[in-house]
Amino acid sequence: MDRIVKRYCIKCAVIFMIILAVCVPVASAAYQIIETQVIDTAGLRLKEGVSQMDYHLEQMVQMAQNVKQDQNFKTLNRVEGELPPGQYLELSRANEYFKNIRSGSSFSPFIFSMFQENDVFVSSAQCSGRFADTYYGTLLKIRENGRTCTAQEVKDRILNQKLFYSFWVTDQVSFWAENGMREVDQAILCSILGNGTNSLRDSYVMTFLIDPDEIIEEILMGQMEEGSIVRIADSDGKVLISRGDSESLPLQMEGGNLHTASGDYQILSDRAGEAGWMIQIGVPQGFITAQVKNLTRLVIFYAVLGAVLLVAAVLFLVYRQFSSVKKLLLLCPDNRKEWKQNRNEYEILASVFTEMKENTDQFREDLERIKQQNQTIIIENFIVRGIAE
C-alpha cells in the first residue's frame with residue numbers, strides 16, 4: 001500500500017503544481033494592473049501639480065500688477081534716494097497691504113518688493129526704509145555658492161534682471177516670519193517686474209519665495225516621496241529643483257514620451273505651460289513592488305495553506321480507502337512471498353483473486369468428478385446387489 005500512497009501523493013502534488021502554475025500569470029497580471037494604476041495615479045498627481053504651478057505663477061504675476069493700485073505703495077515707488085521720515089506711515093500701510101495679500105496666498109511663505117530709485121523694502125513680514133544698512137543681514141539672509149550674499153549683490157541680482165520674471169536658485173534663505181526666523185533650503189526666488197519693463201523710472205520688482213518641498217509635495221503622492229527622484233528645470237534647461245539621483249533621469253523627454261523606464265525607476269515627465277518648466281519624476285520600482293506585497297503574501301499564504309490541506313486530505317482519503325485493502329493483505333499467506341516482490345497492493349490482490357478463481361474452477365472440476373464417481377459406485381452397488389439376490 002505504501003506505493004499506492006506515494007503515487008497518489010505524487011499525482012495530487014502534480015495537480016497542485018499545475019493549479020499553482022495557473023496562478024502565476026494571474027499574479028503577474030495583477031502586478032501589471034497595480035503598476036499601471038500607480039503610474040497613472042502618479043501621472044495625474046504630476047499633472048495636477050503642474051497645473052497648480054501655472055496657477056501660482058499667474059497669481060504672482062497678477063499680484064505684481066495689482067500691488068501698484070495701492071496708493072501707499074505708489075508713493076514709495078516714486079521716492080528717490082532716502083525715504084523721508086514723513087513717509088514712514090505710507091511704508092507701514094504698504095507693509096499691512098503685503099501682509100493681507102500674503103494671507104490670501106498659500107504658495108509663497110514670504111513676499112517682498114524692492115525699488116529701483118530707493119532703498120525701501122516692503123515684505124509680508126517686516127518693512128524698512130533702509131534695506132542695505134538695517135534690514136538685510138538681520139531679518140533677511142540669502143546664501144549662494146556656500147556664502148552669504150551682500151545686500152548690494154541681492155539688490156543687483158533682483159533689480160537688474162532683463163526678463164519679465166526670473167528664478168534665482170539659492171542655497172538657503174533665512175527670513176523673518178510671523179513667529180521668528182525661518183530657513184528654507186534650496187529656496188527659489190521668483191522675481192517679477194512690476195511694470196513689465198526694466199526702466200529705472202517708476203519701477204519696482206516683486207519677489208516671491210518658493211519652498212521646493214511644497215512644490216515636491218504638490219507633484220508627488222505623499223507615500224511616494226521617499227526614494228523618488230524629482231528634477232525641475234526651467235525653459236533654458238537650468239535645474240531649479242533636484243531631489244534624489246536626478247542624474248539618472250533623461251535630460252529631455254525621449255521622443256516626446258511622457259512615460260519611460262530608466263533602470264529601477266518609472267520616469268514621468270510634463271511641462272508647465274506658463275513657466276515653461278520641465279518636471280520629471282522617477283517612481284522607484286520598489287515602491288510599485290511594495291504595493292503588491294500584500295497580494296504576494298496572500299498568494300503565498302493560500303499556496304502554503306492549500307498544500308497543507310491537500311497533503312492532509314490525500315493522507316486521510318488514502319488511509320480510508322485502502323485500510324480495508326491492508327486488512328485483506330494481512331490474510332495472505334506469508335509463505336507466498338513471491339506475490340509481494342516488486343508489486344503494488346492491487347497487483348498482489350489481483351494475483352490472490354486470480355489464484356482463488358483458478359482454485360475454484362479446479363474445485364468444481366474435482367467436485368464434478370467426485371459426483372460422477374459416486375454415481376458410478378452407486379450403480380455398481382445396485383448391480384452387485386441385484387446379482388446377489
Side-chain angles (χ1 to χ4, degrees), residues 23-57 107 145 167-172 184-188 190 210-300:
C23 295
V24 172
V26 175
S28 176
Y31 179 86
Q32 295 296 329
I33 293 172
I34 294 176
E35 180 183 45
T36 302
Q37 183 179 11
V38 171
I39 293 174
D40 290 345
T41 303
L44 290 175
R45 183 62 180 266
L46 175 61
K47 287 186 177 296
E48 291 176 1
V50 170
S51 299
Q52 282 295 107
M53 283 189 285
D54 281 339
Y55 176 70
H56 294 336
L57 183 59
F107 55 86
N145 298 325
F167 301 98
W168 180 9
V169 182
T170 67
D171 293 343
Q172 186 186 76
V184 177
D185 294 329
Q186 307 298 321
I188 301 173
C190 175
I210 300 175
D211 189 341
D213 291 336
E214 294 184 4
I215 295 292
I216 292 174
E217 186 177 350
E218 284 189 347
I219 63 178
L220 289 180
M221 294 184 293
Q223 67 272 28
M224 197 176 64
E225 290 187 24
E226 185 176 356
S228 296
I229 299 175
V230 178
R231 182 172 65 193
I232 300 178
D234 62 13
S235 56
D236 296 327
K238 178 183 177 181
V239 177
L240 303 177
I241 297 176
S242 177
R243 288 290 186 274
D245 185 20
S246 61
E247 297 298 327
S248 62
L249 296 175
L251 294 178
Q252 299 293 334
M253 291 184 289
E254 299 178 359
N257 293 330
L258 299 179
H259 174 215
T260 58
S262 176
D264 295 330
Y265 293 88
Q266 297 290 331
I267 310 302
L268 301 175
S269 306
D270 206 342
R271 284 192 179 275
E274 291 293 330
W277 293 359
M278 184 176 74
I279 299 92
Q280 295 173 303
I281 63 173
V283 183
Q285 200 69 39
F287 172 79
I288 300 174
T289 304
Q291 304 305 303
V292 297
K293 185 180 296 183
N294 292 333
L295 176 63
T296 304
R297 289 177 178 175
L298 186 62
V299 171
I300 294 174

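These numbers were taken from a predicted model, which means no experiment stands behind them. Just so you know, these numbers use all the heavy atoms, side chains as well, and skip hydrogens, waters and symmetry mates.
- With values rounded to the nearest 0.5 angstrom, Ile241 atom CD1 is found 3.5 Å from Ile188 atom CD1.
- Going from atom CD of Gln266 over to atom CD1 of Ile281 covers 11.0 Å, rounded to the nearest 0.5 Å.
- Side-chain contact check for Glu214 and His56: no donor-acceptor pair (N or O, by modelled atom type) lies under 3.5 Å.
- Contact detail for Val169 and Lys238: the closest heavy-atom pair is CG2-CE, 4.5 Å.
- The line from CD of Gln186 to OG1 of Thr170 is 7.0 Å long, rounded to the nearest 0.5 Å.
- Annotation: the span from Asp270 atom CG to Ile279 atom CD1 amounts to 6.5 Å, rounded to 0.5 Å.
- Here CE of Met53 is found 12.0 Å from CZ of Arg271. Values are rounded to the nearest 0.5 Å.
- Interatomic distance, NZ of Lys47 versus CD of Gln52, reported as 14.5 Å (0.5 Å rounding).
- Around the CD atom of Gln172, the shell of radius 6.0 Å holds more than 12 heavy atoms that belong to other residues, nucleotides or ligands.
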Exercise. How far apart are the C-alpha atoms of Ile216 and Ser228, what are their side-chain angles, what is the distance that settles it, and do they pass the side chain to side chain contact (heavy atoms under 4.5 Å, CB included) test?
Worked result: CA-CA 10 Å; Ile216 292 174; Ser228 296; over 6 Å; no
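- For the pair Asp213 and Arg243, the salt-bridge criterion is met [side-chain N within less than 4.0 Å of a carboxylate O].
- At least one side-chain heavy atom of Pro212 sits under 4.5 Å from a side-chain heavy atom of Val184.
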For this session: Take Ile39 and Val283 through the test side chain to side chain contact (heavy atoms under 4.5 Å, CB included) and record every step on the way to the result.
Result: CA-CA 8 Å; Ile39 293 174; Val283 183; 5.8 Å; no
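- Across Asp234 and Trp277, no two heavy atoms sit closer than the pair CA-CD1, 3.6 Å.
- Here the closest heavy-atom approach between residue Gly49 and residue Ile219 is recorded as CA-CG2, 3.7 Å.
- Here the side chains of Leu57 and Cys190 are in contact, with some heavy-atom distance below 4.5 Å.
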